[in-house]
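Here's the structure we're looking at; comments come further down.
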Amino acid sequence: MGRYVIRRLIQFIPVILGTLFLLHVLSTLTIQIVGDPVRALFGPNAPPQAVIEELQARYNLDDSCLDQTGNPCVGLFVDRLGQYATGDFGVNFRGRSVAEMFLERFPVTARLTIIALLFEIIVGITAGVLAGLRKDKFIDNLVRFTTVLLIAFPVFVLGSLTLLFVGLKVGLPLRNSNWAPDWLGQMLNVGYDPDYPWLSLVLPGIVLGAFSLAAIARLTRTSLIENLRSDFVRTARAKGLTTKRTVGIHTLRNSLIPVITYIGIDIGFLLGGSLVTEGIFNIPGVGQLVFLAIQANDAPVIIGVVTILTVVFLISNLLVDILYAALDPRIRYE
């Protein structure tokens, strides 16, 4: 197990460097093709050239390679790596540290992502197991029909409908009533309340995790049905093991490998997809930060936040790789 983890950590180094370089090239090409973001910031009301040059130097946009379309600006990438290593992800056009702005908002997005993950994992795997054990029965047909509906609805449609019918039609009367407990009303809140940092994110978390829940349920169902036909399951039953032990320990453990793969990838999608959800429910998270930066054409914030989220996504995938070995010991020796 230790050798497997060390090998994965060593392989992680070129992966993260390659990903960061690709992200650097894309951002560099954008500046080379679209134009200098400092000049775009002022629009037609451009300040004196001396002011523009000072701002370009402050935000590392004065390198001559940025004027050459197609130049990867390797030297600029090396400088950025040195900044990233010290936790410096740049400053926005108002002089605030991007890392500081990210850390202010990330706890909210992290809570939203955790709620979405717990919701999709618990409900999705449970629904998938029930459907897989009762193939072509009522519960199986219900799970398949429900998951198709969830996949068909985009996040912004589902979020808007949930906000209108659950948050306003149900949650608002509950919060104004004298009989309903306060926690129940906050769970169905239409916006973020800092006094209830977890409860007020339950509803948007369910919306954010709905699509992934459907995918996890269908993955679990398909994998479980396939593994129930395997030789090792027939052998376990022939030895007299109970259905609970056969399914819960032997079958489900192998069936969860593709599910964990999806969850590892889904963490990145949840962090990115929170932009829409946070916009609908007015949540002051990272997604809202990126949205405001796009509106203000604040390129340093966009580049810095996307870089941080990329690193978080790669680390989550590394953890998933390590979890493979815990679920299936055969993976360690491949």
Side-chain angles (χ1 to χ4, degrees), residues 1-2 4-24 26 81 84-85 87 89 98-99 101-125 128 155 198 201 204-220 223 253 255-278 283 285-290 302-328 331-332 334:
M1 182 69 176
Y4 175 82
V5 173
I6 293 172
R7 189 165 67 246
R8 282 288 179 262
L9 289 173
I10 293 174
Q11 293 172 350
F12 178 71
I13 296 174
V15 170
I16 193 169
L17 287 176
T19 305
L20 290 178
F21 181 71
L22 179 61
L23 185 61
H24 162 78
L26 291 175
L81 280 183
Y84 295 160
F89 289 88
V98 174
M101 296 170 64
F102 179 86
L103 290 175
E104 284 180 0
R105 292 174 176 262
F106 184 70
V108 179
T109 299
R111 286 193 291 267
L112 180 64
T113 303
I114 290 172
I115 291 172
L117 276 174
L118 290 175
F119 173 66
E120 67 187 45
I121 289 172
I122 295 172
V123 179
I125 291 178
V155 174
W198 287 94
L201 291 176
I206 290 174
V207 171
L208 181 60
F211 179 88
S212 300
L213 179 150
I216 288 175
R218 297 181 76 88
L219 268 175
T220 305
S223 185
R253 185 175 179 178
S255 301
L256 287 180
I257 291 177
V259 177
I260 287 183
T261 304
Y262 178 84
I263 291 172
I265 298 172
D266 189 48
I267 292 175
F269 287 119
L270 288 177
L271 290 171
S274 64
L275 190 150
V276 178
T277 308
E278 289 177 8
I283 300 171
V286 176
Q288 189 183 78
L289 174 64
V290 174
I302 299 171
I303 295 172
V305 171
V306 171
T307 301
I308 297 173
L309 292 180
T310 301
V311 173
V312 172
F313 176 70
L314 291 174
I315 292 174
S316 67
N317 277 269
L318 174 65
L319 295 177
V320 167
D321 267 354
I322 295 174
L323 278 176
Y324 287 161
L327 288 172
D328 191 349
I331 296 176
R332 304 177 200 172
E334 291 181 357

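Residues Ile283 and Thr277 approach most closely at CD1-O, 4.5 Å, considering heavy atoms. Counting all heavy atoms, side chain and backbone alike, Ile115 lies closest to Trp198 at CD1-O, 3.6 Å. Nearest heavy atom pair, residue Val306 against residue Thr310, reads O-OG1, 2.7 Å. Taking both residues in full, the closest heavy atoms of Thr307 and Phe89 are given as CG2-CE2, 4.0 Å, listed atom of the first, atom of the second, then distance. Between Ser223 and Pro258, the shortest heavy-atom contact is OG-CG, 3.8 Å.
The backbone N or O of Gln288 lies less than 3.5 Å from a partner atom in the side chain of Glu278, making a donor-acceptor pair. In this structure a side-chain-to-backbone donor-acceptor pair under 3.5 Å is missing from Glu120 to Ser212.
Taking the side-chain contact (heavy atoms from CB on, under 4.5 Å) definition, one finds that Phe119 meets it with Val123, Ile206, Leu213, sequence neighbours left out. Residues passing the side-chain contact (heavy atoms from CB on, under 4.5 Å) test with Ser316 are Ile267, Phe313, sequence neighbours excluded.
Side-chain contact between Leu201 and Ile114 is absent, with no heavy atoms from C-beta onward closer than 4.5 Å. Contact annotation: the side chain of Leu270 never approaches that of Thr109 to less than 4.5 Å [non-hydrogen atoms, C-beta and beyond]. In this structure, Arg105 and Val108 have side chains that are not in contact, with every pair of non-hydrogen atoms separated by 4.5 Å or more.
Taken from CG in Leu81 to CG in Leu17, the straight-line distance is 6.5 Å, to the nearest 0.5 Å. The CG atom of Leu314 lies 11.0 Å from the CG atom of Leu319; values are rounded to the nearest 0.5 Å. The structure places CG of Leu117 at 10.5 Å from CD1 of Ile122, a figure rounded to the nearest 0.5 Å. Atom CG in Leu219 sits 12.0 Å away from atom CD1 in Ile260 (nearest 0.5 Å). Here CZ of Phe106 is found 11.0 Å from CG of Leu112. Values are rounded to the nearest 0.5 Å. A distance of 9.5 Å separates CG of Leu289 from CD1 of Ile302, quoted to the nearest 0.5 Å.
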* **Full working for side chain to side chain contact (heavy atoms under 4.5 Å, CB included) between Leu318 and Leu9** => CA-CA 8 Å; Leu318 174 65; Leu9 289 173; 3.6 Å; yes
